[in-house]
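Report on the structure given below.
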Amino acid sequence: MLSERAGKIKSSPTLAIDAKAKSIKEAGVDIVNFGAGEPDFDTPDNIKEAAIKAIKDGFTKYTAVGGIDALKDAIIEKLKKDNNLDYKREEIIVSCGAKHSLYNIAQALFSPGDEVLIPSPYWVTYPEQVILNDAIPVFIKTYESDSFMVKPESIESHITQKTKALILNSPSNPTGLTYDRKNLEQIAEIVLKHNIYVISDEIYEKLIYDGLEHVSIASLDNSVKKKTIVVNGLSKSHAMTGWRIGFAAGPEEIIKAMTDIQSQSTSNPTSISQKAAIEALTGPQDFIKTMLDEFDRRRNFLVNELNSIPGVTCLTPGGAFYAFPNTSFFYGKKTDNYKISSSNDLSMYLLEKANVAMVHGAAFGDDSYMRLSYATSINEIKKGVERIKGALNRLS
Ligand code: PMP
Ligand code: GLU
């Protein structure tokens, strides 16, 4: 008999769809995978070399639980340089991916019955981690007409005596929404007024387009910083998803609790990956620009193509590498044996009949949409879009 907790948790649908698409591809089917939540670029060579050196030097033992000092220092430097934030080592923890940092935060902060505000659409993992801690996810619906921006008054109207924290994700997965300084100032005002925490997931910080500026809410002023835990990592910025390095910066008391929790679960993140992470943060950064230029090209192409399909509307995402088109026009339509009533039906239809994989919007809390990752080559995107057009055309 499994625990009550195990019965409450759903596995990650984004990882599941990506795994399914990859296994169909391995079986020899020519599938276009828009499901991937990871850069299709290889980790830069200088980072790989640093890992190889770590192995050769025998840096293969346990390290300090929350990361080695040299990596914490590199993170402190990065937060200073990129985000104008000052932290000391005791305010930093390195974990096995940003997902793990978020998990540690949830464990350190949420008690049973606590309410955690999550603007919706949201990244799939947030509500599950809240639920894993017997806390309650409270969704705040956002709208395409507001570019999916959460309005400060909506935050305020969802706050109760039990509200513990707000999870903010900018740039956002899945919408690409990127908050500007003014939006963040308004949100910060509410947060301070009600004395709740902000968990600020900034993992897509480096993947930002059209000259937009990434602003960390923690950098607005010291009172906001004291209520914020900043989460970031190297998975997206340096194409290092498999290396499992993420980090969090926040008040010492919270970081200490997270480190204690980590000491009883995973212990340190991989020693070799930590050395690679130092090189990623302190070595040449030109790789990011190359990757970003390519993502930008694909973004423009994909969004234009999606908007050219009758019935589809798609905002231009300001950040990350996902397009989030509204596909609700097709619900209620049918063809052959398929009746499309939801984003899930549509993703199944496109997978089975058009060999195109993407993630249904319902996984992110909004059934009207689909998420397409453009972390795949422009040729694949062209091929995928043609297939989508053909398959949608057959629905009536
Ligand atoms: N936050 C968001 C919004 C993400 O999309 C991801 C990607 N999985 C993560 C956090 C976690 O990334 P990782 O655990 O690979 O650092
Ligand atoms: N963040 C990625 C995504 O949303 C990776 C998958 C996951 O970790 O759930 O697809």
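Bear in mind the structure is a predicted one, so any value in this text is a computation, not a measurement. Each ligand, and each atom within it, is numbered from 1 in the order the structure gives.
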Find all atoms of ligand 2 within a distance of less than 4.0 Å from any non-hydrogen atom belonging to [X], and give their numbers and elements.
X: Asn173; answer: 1 (N), 3 (C), 4 (O)
X: Lys99; answer: 7 (C), 8 (O), 9 (O)
X: Trp123; answer: 1 (N), 3 (C), 4 (O), 7 (C), 8 (O), 9 (O)
X: Lys236; answer: 1 (N), 2 (C)

Looking at side-chain heavy atoms only, is the closest gap between Leu168 and Ile217 below 4.5 Å? yes

Ring centres under 6.0 Å, that's the criterion: do Tyr322 and Tyr204 meet it? yes

Among all protein heavy atoms, pick out the one at the shortest distance from [atom]; state its residue, atom name and that distance to 0.1 Å.
atom: atom 10 (O) of ligand 2; answer: Arg371 NH2, 2.8 Å
atom: atom 9 (O) of ligand 2; answer: Thr14 OG1, 2.6 Å
atom: atom 6 (C) of ligand 1; answer: Trp123 CZ2, 3.5 Å
atom: atom 7 (C) of ligand 1; answer: Lys236 NZ, 2.7 Å
atom: atom 12 (O) of ligand 1; answer: Ile203 CD1, 3.9 Å
atom: atom 5 (C) of ligand 2; answer: Gly37 O, 3.7 Å
atom: atom 1 (N) of ligand 1; answer: Asp201 OD2, 2.6 Å

Ligand 1 contact on Thr125 by region, counting heavy-atom pairs under 4.0 Å: neither

Just to be sure I read this right, does ligand 1 sit under 4.0 Å from the backbone of Phe321, its side chain, both, or neither, counting only heavy atoms? neither

Between [X] and [Y], does any side-chain N to carboxylate O distance fall below 4.0 Å?
X: Lys289; Y: Asp286; answer: no
X: Lys182; Y: Glu185; answer: no
X: Glu128; Y: Lys10; answer: yes
X: Asp57; Y: Lys275; answer: no
X: Glu156; Y: Lys193; answer: yes
X: Asp30; Y: Lys25; answer: no
X: Lys78; Y: Glu205; answer: yes
X: Arg298; Y: Glu294; answer: yes

Flag for His238-Gln285: side-chain donor and acceptor within less than 3.5 Å: yes

Could you tell me whether the side chains of Ser267 and Gln262 share a donor-acceptor contact shorter than 3.5 Å? no

If you count the atoms of ligand 1 from 1 in the order shown, which ones are under 4.0 Å from a heavy atom of [X]?
X: Asn173; result: 3 (C), 4 (C), 5 (O)
X: Gly97; result: 14 (O), 16 (O)
X: Tyr126; result: 3 (C)

Quick one: sort the Phe148 and Phe324 rings into parallel, tilted or perpendicular, breaks at 30° and 60°. perpendicular

Going by the closest heavy atom to [atom], which one wins out of [options]?
atom: atom 16 (O) of ligand 1; options: Cys96, Ala98, Ser101; answer: Ala98
atom: atom 14 (O) of ligand 1; options: Glu38, Arg244, His100; answer: Arg244
atom: atom 5 (O) of ligand 1; options: Tyr122, Tyr204, Tyr322; answer: Tyr204

Less than 3.5 Å between some nitrogen or oxygen of Ser235 and one of ligand 1, yes or no? yes

Determine, using heavy atoms of Glu38 and all atoms of ligand 2, whether some pair is separated by less than 4.0 Å. no

Within the side chain of Gln129, is there an N or O that forms a donor-acceptor pair under 3.5 Å with the backbone of Lys99? yes

Under 4.0 Å, heavy atoms only, figure out whether ligand 2 is touched by the backbone of Glu128, its side chain, both or neither. neither

Report the part of Tyr322 in contact with ligand 2, treating N, CA, C, O as backbone and CB onward as side chain, heavy atoms under 4.0 Å; options are side chain, backbone, both, neither. side chain

